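Data first, discussion second: the structure below is written as structure tokens.
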Amino acid sequence: MASQKVDVSFLHGRASEIAPRLLGGILERTLDGKVLRARIVEVEAYDQTDVASHSYKGETPRTKIMFGDAGHLYVYFTYGMHYCCNIVVGEKGYGAAVLIRAVEPLNGDEGMSRRRGGRSGRDLTNGPAKFCQAFGISLAMNGHSLSEPPLRLLLQPALPTDQVITTTRIGISHGKDVPWRFYVKDNGYVSKRIE
DNA sequence: CGGCAGATACGCT
DNA sequence: GCGTATCTGCCGT
């Protein structure tokens, strides 16, 4: 597949509009001399107007990257043991990002399985922290530009609208009614199928 | 497959 | 102190 720069201008818009457009995009990671590839199948949008977002209460040391340049990775640590990663979107100074909640592995399943404690199939990457573990993403990659190795985003053509399911987000206690979760219809790697 | 409890450490009040 | 954009194991259906 041809190499492809992240079209940063494409990421300059509302998180809720960009998020569904990232479905089907490819994430390519080089790790331990191998190439891992996966297709994005589930995302959620967060921005500073929304109570569920880390950026809601303004910029802090932790959320600084979310307020930075689009096309970079915002990684956070949660529940004392998990990492989750987002693609920063919107204008610099505006805190917004798209959480990668699930991907479908395309290559490098063996390495992912090893990092996932021997698990296989959908259990490799059907959740945001599972994906980070499978892809070896931690705080060390916070702020990384997705135009460069060792982790690149390769945008793909938009999916047909009837293949995209829109629902409320998962695991939050505020902003539960906001329909900013998007996933690929009938894809086995989606974390939870509801509605 | 669904529901629930426990793990575990950091950011922020 | 308290809550957390989660996962896992264990239980029951």
Side-chain angles (χ1 to χ4, degrees), chain A residues 11 14-20 22-23 25 27 38 40-68 70 72-90 94-105 112-144 146 151 153 165-184 186-195:
Chain A
L11 299 175
R14 296 166 46 106
S16 57
E17 291 169 359
I18 295 166
L22 292 175
L23 293 174
L27 287 165
I40 300 170
V41 298
E42 179 182 351
V43 294
E44 286 178 358
Y46 290 89
D47 88 16
Q48 64 180 43
T49 65
D50 150 43
V51 291
S53 176
H54 292 168
S55 56
Y56 182 64
K57 293 181 178 173
E59 186 175 332
T60 67
R62 178 206 200 193
T63 62
K64 178 177 174 218
I65 300 296
M66 242 184 123
F67 289 82
H72 288 244
L73 205 64
Y74 166 53
V75 184
Y76 67 88
F77 180 68
T78 193
Y79 288 102
M81 62 192 95
H82 300 301
Y83 299 102
C84 295
C85 85
N86 299 250
I87 296 171
V88 176
V89 301
Y94 187 85
V98 175
L99 173 69
I100 306 300
R101 279 199 58 91
V103 303
E104 175 181 351
M112 296 189 213
S113 179
R114 179 164 34 79
R115 277 180 292 276
R116 288 281 301 128
R119 292 182 170 77
S120 61
R122 59 196 249 174
D123 214 19
L124 288 179
T125 55
N126 66 338
K130 294 180 184 180
F131 159 63
C132 283
Q133 188 176 33
F135 260 55
I137 295 171
S138 71
L139 240 33
M141 293 195 70
N142 193 29
H144 171 74
L146 292 167
L151 180 62
L153 170 64
I165 307 294
T166 303
T167 71
T168 54
R169 295 168 296 180
I170 291 182
I172 53 175
S173 54
H174 302 291
K176 282 183 168 174
D177 297 332
V178 178
W180 283 3
R181 173 171 177 253
F182 308 91
Y183 65 84
V184 178
D186 298 328
N187 186 279
Y189 290 84
V190 170
S191 64
K192 281 187 188 176
R193 267 146 292 184
I194 45 181
E195 300 166 50

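Because the structure is a prediction, the values reported are computed rather than measured. Side chains included, hydrogens not; waters and symmetry mates left out as well; all remaining heavy atoms used.
Put simply, NZ on A:K57 is 12 Å from C1' on C:dT4, counting in whole angstrom units. Between A:M81 atom CE and B:dA7 atom P there is a gap of 9 Å when expressed in whole angstrom units. Between A:Y56 atom OH and C:dT4 atom C1' the separation is 17 Å, expressed in whole Å. To the nearest angstrom, P of C:dG3 lies 16 Å from NE2 of A:H54. The OH atom of A:Y183 sits 21 Å away from the P atom of C:dA5 (whole-angstrom rounding). For the pair A:F131 CZ and C:dT6 P, the computed distance is 15 Å after rounding to whole Å. Between A:Y83 atom OH and B:dC10 atom P there is a gap of 9 Å when expressed in whole angstrom units. Summarising the geometry, the separation between CZ on A:R62 and P on B:dA9 is reported as 16 Å, rounded to the nearest angstrom.
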Base-pairing string, 5' to 3', of DNA chain B - Watson-Crick or wobble, under 3.5 Å, | interstrand:
|||||||.||||.
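Considering only the side chain of A:D123, C:dT8 comes nearest among B:dC12, C:dT8, C:dA5. Ranking C:dT6, C:dC7, B:dT8 by closeness to the A:R101 side chain, first place goes to C:dT6. When distances run from any side-chain atom of A:F77 to the nucleotides B:dC10, B:dC12, C:dC7, the shortest one goes to B:dC10.
Using a 4.0 Å cut-off, some side-chain N or O of A:S173 falls inside it from OP1 or OP2 of C:dT4. Phosphate contact (OP1/OP2 of B:dC12, side-chain N/O of A:T60, threshold under 4.0 Å): present. Contact between the side-chain N/O atoms of A:R119 and the OP1/OP2 oxygens of C:dG9 is found at a separation under 4.0 Å. Residue A:R169 has no polar side-chain atom (N or O) positioned under 4.0 Å from OP1 or OP2 of C:dT6. Taking only side-chain nitrogens and oxygens, A:H82 never comes nearer than 4.0 Å to OP1 or OP2 of C:dC7. Listed pair A:R116 / C:dC7 fails the phosphate criterion, with no side-chain N or O lying under 4.0 Å from OP1 or OP2. The phosphate of B:dG2 (OP1 or OP2) has no side-chain N or O of A:K192 nearer than 4.0 angstrom.
Side-chain atoms of A:E42 come within 3.5 Å of backbone atoms of A:S191 as a donor-acceptor pair (strictly under, hydrogens ignored). The main-chain N or O of A:R101 is never found under 3.5 Å from a side-chain atom of A:E44 such that the two would form a donor-acceptor pair.
Ring planes of A:Y83 and A:F77: tilted class, angle from 30 to 60°.
Looking at heavy-atom distances under 4.0 Å, A:I172 makes contact with sugar-phosphate atoms alone, never a base. Across all strands shown, A:A52 has heavy atoms under 4.0 Å from base atoms, whether or not it also approaches the sugar-phosphate. In this structure, A:R181 reaches neither bases nor backbone, as no heavy-atom distance under 4.0 Å exists between it and the strands shown.
You cannot call A:Y76 stacked on the base of C:dA5; the centres under 5.5 Å and planes under 30° rule is not satisfied. Ring stacking holds between A:Y79 and C:dT4, with the centres under 5.5 Å apart and the planes within 30 degrees of each other.
For the 3.5 Å distance criterion, the side chains of A:R115 and A:Q133 fail to qualify, holding no donor opposite an acceptor.
Nearest approach of A:L151 to A:I137, heavy atoms of both residues: CD2-CD1, 3.9 Å. Summarising the geometry of A:G95 relative to A:S55, their closest heavy-atom pair is O-OG, 2.8 Å, with the distance given to 0.1 Å.
When each of A:K64, A:R62, A:M141 is checked for a side-chain contact (heavy atoms from CB on, under 4.5 Å) with A:Y74, only A:R62 meets the rule.
Annotation for A:Y56: atom OH does not count as buried by contact number, only 12 or fewer foreign heavy atoms lying within 6.0 Å.
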